[in-house]
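To keep things clear, I will list the structure first and then write my remarks on it.
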Amino acid sequence: MRIAVLSGKGGTGKTLVSVNLACAAERAVYADCDVEEPDGHLFFKPESVRHAPVTVLVPEIKAGMCTGCRKCTEVCAWHALACVKNNILVFEEMCHSCGGCVLFCPEKALTERKKEIGTISEGLSGSVSFLSGTLNAGESSGVPVIKALAEKLPEEGTVVIDCPPGSACTVMESIRTADFCLLVAEPTLFGMHNLETVYELVIRFKKKCGVVINKDIHGRNPVRTFCRKHRIPLLASIPFDSALGNLNAEGRIAVRENEQYRVLFRHLLAAIESEAEK
Amino acid sequence: MKIVVPADEKQPEMPVSVSFGRAPYFIIYDTDSALYTAAVNPGADASGGAGVKAAQAAADAGAEAVITFRCGENAVELFNTAGITLYTAVSGSVADNIGLCTGGKLAVLHDIHPGLHHAGDRPE
C-alpha cells in the first residue's frame, strides 16, 4: 500500500510522521518527494547509498536549419521558445519536455538533448529501503524528479511517500499513485486552514484520506471540528511533547527508541490499512 | 523609433503598469509620427511564460525601447537579443514617461528579477 503524507504548509510534521510510519512497519519503503528540501536522510542516515542523475529533454536548434518560421513558438504552450530576428531563443527552465516543438518543426531543425536537473538516491536503513530525490539549485520544477522517484517504487508492500508542503504540482505528482493520503495538521485555526487546502486537493484526486493531528493538545480544537464536519477519520493524535521534539531535533527516530511512539505509529499504520480497505 | 510601455488602461494619460508580463495593454508610441496606439498584451492571460510572450509581442511590434518598472530575466534576454533598450519607469503617466524617455531623462533598467516562473503552471 502506498501512503502519501502531506500538509498544507511546511513544519507541520510530514517528515516526522513519514519516517516513523515507515519504521513502524515490518518492512517499508520511504520515498522523500520533498525534492526542493529533502530531509529524510537526516533521520535514516542510509547506508550503501547509490546516486543516479535525473534528466529531462530540452530542445536544441540544429545550426543552419532553422528558417525562423516560428511554428515551434506557436506550438509551445509554456512559451519556452521565442523568435527574435529569425533566431530561436530557448528558455530551458520554462520547458516541460513535451517534445511538441520537435514534432511540429517543418524543417526538422529541432532536436532534443538531455539536461540534468536533479538526483535520485537509494540506500538502506534497517528495515527501511530509503529513496530520496533532490532538485538541483536553480531549477524551477521538481515534477520530473518526483516522476523518476515514482518509477522506483515497488508495486507491493508498504510505501510511505513524504510529500512536499502545500498543494501545488509537485504535491499532485507525489500523491498520483497513492492508495491513501494522510493529512498532517496542527490543532490551530491556521492549521485548520492549511488542512482545508490539502483536503480539497485529495478530494479532487478522489483519494481516501485521514488526518493526524501533530503537537496536539487536549480538548476541542478547530482541526477536530473540521474533521467532524467533513467526516474525515481522525486516525491519530501526536501529543505536544518536548521529549519527542528533542528526539526529532537530534535527527533520531522515535519509533526506534521509544515504546510510547512505537505503539502510537503501529496503531496509526493499522488504522490507515483498515481505512484504505473500506 | 517605437517605444513600448506596459499599461493598465489604453489611454496614455493613465499610469504605467507595475508589471511588464502581466500588464493588460501595451501603449506603443511612434516618435516619427508622434502617435500613440494601444495593443492587448498577449502575455496578460498566459498561464505560464507571460514574460516571454509579452516580450515577443513587444519585439514584434517593432519596439526599440521599453519603459517598465521591473522585468524578468527571460524577457530581458529576449530584449537583449532583439537589441531593445530597457528604461526604468518613474511614477506618472505613460505619456509623461515617454516624454522623459525621448528627452533622455530615464535611466536604463537594472532591477532584473529572476522571473515568477510557474505562477500559473497550466498550459492554455
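Chain letters run A, B, ... following the sequence lines, proteins first, then strands; residues in each count from 1.
Pairing each heavy atom of A:Ala82 with each of B:Leu78, the nearest pair is CB-CD1, 3.3 Å. Here the shortest heavy-atom pairing between B:Gly83 and A:Lys85 reads N-NZ, 4.2 Å.
Within a 6.0 Å radius of CZ in A:Arg204, other residues, nucleotides and ligands contribute 12 heavy atoms or fewer. No more than 12 heavy atoms of other residues, nucleotides or ligands sit less than 6.0 Å from atom NZ of B:Lys105. Heavy atoms of other residues, nucleotides or ligands lying less than 6.0 angstrom from NZ of A:Lys9 number more than 12. The local environment of NZ in B:Lys10 is sparse, with at most 12 non-hydrogen atoms from other residues, nucleotides or ligands closer than 6.0 Å. For A:Glu36, the CD atom is loosely surrounded, since the number of other residues' heavy atoms within 6.0 Å does not exceed 12.
Atoms OG1 and CG, from B:Thr81 and A:Leu89 in turn, are 4.5 Å apart once rounded to the nearest 0.5 Å. Atoms CZ and CD, on A:Arg70 and B:Gln56 in that order, are 4.5 Å from each other to the nearest 0.5 Å.
Using a 4.5 Å cut-off between heavy atoms, A:Cys76 makes no contact with chain B at all.
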